[in-house]
Novice: 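Sharing a structure with you now.
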Number of protein chains: 2
Amino acid sequence: MGTLRIMEDEVDRLIEAWRRERPDLDVAPMEVLSRVSRLARHLDRARSQAFDTHGLESWEFDVLAALRRAGTPYQLSPGKLLKETLVTSGTMTNRVDRLTARGLVERLPDPHDRRGVLVQLTPAGRDKVDAAMADLLTHERALLGGLSDDDQQKIARVLRELVRPFDLEKH
Amino acid sequence: MGTLRIMEDEVDRLIEAWRRERPDLDVAPMEVLSRVSRLARHLDRARSQAFDTHGLESWEFDVLAALRRAGTPYQLSPGKLLKETLVTSGTMTNRVDRLTARGLVERLPDPHDRRGVLVQLTPAGRDKVDAAMADLLTHERALLGGLSDDDQQKIARVLRELVRPFDLEKH
DNA sequence: CATTTTTATCTTGACGTCGAGATACTCTAG
DNA sequence: CTAGAGTATCTCGACGTCAAGATAAAAATG
């Protein structure tokens with residue numbers, strides 16, 4: 001019986017180089033974490049491509065999706081939005097400005113707090129984000145195509161364990 | 001016997017919201033891919049923190065590490081460097097400028113091609129990247145702490161399968 | 001009530017990246 | 001040998017983000 005040939009990827013190349021140069025280090029963590037980082041980068045690009053079809057940028061989708069998830073009437077304050085999307089307030093002001101210019105959201109005064117503003121999805125914005133989301137999921141399903149349902153569940157469980165410490169530590 | 005309680009993370013929250021708002025969509029891919037993206041973002045921040053100790057920025061480490069991996073005499077052309085670090089040429093020029101100003105690399109003329117330049121690690125640059133790499137791995141090991149070796153190998157194998165299509169598609 | 005602290009959003013300037021174009025040199029074909 | 005194509009690097013203007021600070025309103029304190 002022959003050895004099972006496992007195909008290499010870029011991270012294998014990376015790790016091999018480090019092992020050669022620094023045999024004193026235990027580079028095992030890279031097997032998991034470097035792959036997570038690289039996969040995420042690839043996913044970002046794939047996402048951008050999927051959104052191109054809809055004339056949307058990734059950052060636009062992020063904002064619209066947060067509003068869409070909030071449910072009717074699809075309103076969220078800028079403060080809530082920046083917590084959801086993990087950007088700073090200056091960035092969010094800029095994003096809402098541009099989305100408003102494109103007619104995908106609008107700014108309303110918060111009736112309960114005169115400092116506040118509510119950002120609301122327009123019907124056009126809702127249509128766009130709904131179409132983009134469906135498309136995104138189709139693409140993502142394709143990327144996972146090779147994986148059995150069982151593998152997907154296993155990896156999801158492990159990833160949840162890895163992410164949780166980060167989700168807990170904040171605020 | 002009671003139900004095994006699986007703790008929730010932010011992605012569970014996200015998925016739940018989408019299921020509520022769009023029960024027509026199959027959002028299963030998010031279980032894996034959203035977690036990969038979020039984990040990667042957290043890892044970036046953890047990396048930055050680990051490098052802070054050494055007075056290094058993440059982008060600086062990326063360049064120095066590529067040179068370090070190349071082995072003696074720690075030289076790489078800007079072209080090779082930008083393939084390794086996945087940035088554009090304008091960005092690499094800027095990065096090399098700043099690393100040169102910090103005394104961590106130097107620019108040498110390529111003896112075989114007068115258009116070319118070789119970027120070389122200085123001794124100070126090598127010391128910095130070696131220390132930072134050791135530290136980074138220590139931190140990463142801690143992040144993986146909870147995972148059994150078996151789980152680590154399993155997830156690494158699955159991640160490799162997910163990344164490989166991307167690694168292949170680019171010539 | 002008046003004062004202070006906190007909260008919510010926007011403004012601004014600095015910075016890093018991108019990407020198109022410029023420049024200089026090398027390689028290939030005839 | 002020369003013209004044209006290809007390659008390596010740098011230049012530069014546009015853009016998005018960040019982070020500190022400004023402004024305004026609300027909440028807490030006495």
Side-chain angles (χ1 to χ4, degrees), chain A residues 37 40-41 44-45 47-49 51-52 55-64 66-67 70 75-102 104-120 170-171, chain B residues 37 40-41 44-45 47-49 51-52 55-64 66-67 70 75-102 104-120 170-171:
Chain A
S37 293
R41 219 174 337 194
D44 275 348
R45 296 185 59 200
R47 247 166 64 104
S48 301
Q49 285 182 339
F51 294 149
D52 266 354
L56 272 182
E57 307 279 332
S58 285
W59 64 261
E60 293 180 305
F61 177 82
D62 286 341
V63 177
L64 299 180
L67 292 168
Q75 290 177 341
L76 241 34
S77 70
K80 288 248 171 72
L81 273 176
L82 58 91
K83 268 172 212 149
E84 287 285 323
T85 55
L86 306 176
V87 297
T88 59
S89 63
T91 299
M92 188 52 69
T93 299
N94 185 12
R95 287 184 175 188
V96 173
D97 284 349
R98 281 175 288 161
L99 285 168
T100 302
R102 290 198 54 188
L104 302 177
V105 307
E106 50 192 347
R107 253 190 266 249
L108 307 172
D110 182 335
H112 301 304
D113 185 339
R114 269 187 298 177
R115 294 168 302 178
V117 168
L118 290 174
V119 181
Q120 182 178 43
K170 60 176 95 168
H171 127 122
Chain B
S37 293
R41 221 174 337 196
D44 275 348
R45 295 186 59 198
R47 247 166 64 106
S48 300
Q49 285 183 337
F51 294 149
D52 266 353
L56 272 183
E57 307 280 331
S58 284
W59 63 262
E60 292 180 305
F61 177 83
D62 286 341
V63 176
L64 299 180
L67 292 168
Q75 291 176 341
L76 240 34
S77 69
K80 287 247 173 72
L81 273 175
L82 58 90
K83 267 172 212 149
E84 288 286 325
T85 56
L86 305 177
V87 298
T88 59
S89 63
T91 300
M92 189 51 69
T93 298
N94 186 12
R95 288 184 174 188
V96 173
D97 285 350
R98 281 175 289 162
L99 285 169
T100 302
R102 290 198 54 187
L104 301 177
V105 307
E106 50 192 347
R107 254 191 266 248
L108 308 172
D110 182 336
H112 300 305
D113 185 339
R114 270 186 297 178
R115 293 167 303 180
V117 168
L118 290 175
V119 181
Q120 182 178 44
K170 59 175 103 169
H171 85 116

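Basis for what follows: all heavy atoms, side chains included, without hydrogens, waters or symmetry-related copies. In what follows, chains carry the letters A, B, and so on, assigned in the order in which the sequence lines appear, proteins first and then strands, with residues in each chain numbered from 1. Remember, it's a predicted structure, so these values are computed and weren't measured experimentally.
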Novice: 5' to 3' on DNA chain C, which nucleotides open and close the contacts with chain A (atom under 4.0 Å from a heavy atom)?
Specialist: C/dT7 to C/dT11
Novice: Let me know the distance between CZ of A/Arg115 and P of D/dA27, rounded to the nearest Å.
Specialist: 6 Å
Novice: Judged by each residue's nearest nucleotide on DNA chain D, which is more toward the 5′ side, B/Pro78 or A/Trp59?
Specialist: B/Pro78
Novice: Nearest whole Å is fine: how far is D/dT11 P from B/Met92 CE?
Specialist: 15 Å
Novice: How close or far is atom C1' of D/dT9 from atom CG of B/Leu108, stated in whole angstroms?
Specialist: 15 Å
Novice: Expressed in angstrom and rounded to an integer, what is the separation of B/Asn94 atom CG from D/dC15 atom P?
Specialist: 19 Å
Novice: Output yes when at least one side-chain N/O atom of A/Arg95 is less than 4.0 Å from OP1 or OP2 of D/dT17, else no.
Specialist: yes
Novice: Going by salt bridge (charged side-chain N to carboxylate O under 4.0 Å, His left out), A/Glu60 matches just one of A/Arg95, A/Arg98, A/Arg102. Which one?
Specialist: A/Arg102
Novice: Five pairs at each end of the helix from C/dC1-D/dG30 to C/dG30-D/dC1: take the axis at both ends and give me the angle between them to 10°.
Specialist: 20°
Novice: Using whole Å, what does the distance between atom P of nucleotide D/dA8 and atom CZ of B/Arg107 come to?
Specialist: 16 Å
Novice: Check the phosphate of D/dT9 against B/Ser89, side-chain N and O only, distance under 4.0 Å to OP1 or OP2. Yes or no?
Specialist: no
Novice: If you assign A/Thr91 and A/Asp113 each to the DNA chain C nucleotide with the nearest heavy atom, which residue ends up on the more 5' nucleotide?
Specialist: A/Asp113
Novice: Would one find more than 12 heavy atoms of other residues, nucleotides or ligands at under 6.0 Å from atom CZ of B/Arg114?
Specialist: no
Novice: What nucleic acid atoms does B/Gly79 come within less than 4.0 Å of, heavy atoms only: base, sugar-phosphate, or nothing?
Specialist: sugar-phosphate
Novice: Can you measure B/Leu81 atom CG to D/dT9 atom C1' for me and round it to whole angstrom units?
Specialist: 12 Å
Novice: To the nearest Å, how far apart are A/Asp110 CG and D/dA24 P?
Specialist: 18 Å
Novice: Please report, rounded to the nearest Å, how far the P atom of D/dT17 is from the CD atom of A/Glu60.
Specialist: 10 Å
Novice: Is the shortest side-chain N to carboxylate O distance from B/Arg41 to A/Asp44 below 4.0 Å?
Specialist: no
Novice: Give, for atom CD of B/Gln120 and atom CD of B/Gln75, the distance between the pair rounded to the nearest 0.5 Å.
Specialist: 4.5 Å
Novice: Can you work out whether A/Arg114 or B/Leu82 has the more 5'-proximal nearest nucleotide on DNA chain D?
Specialist: B/Leu82
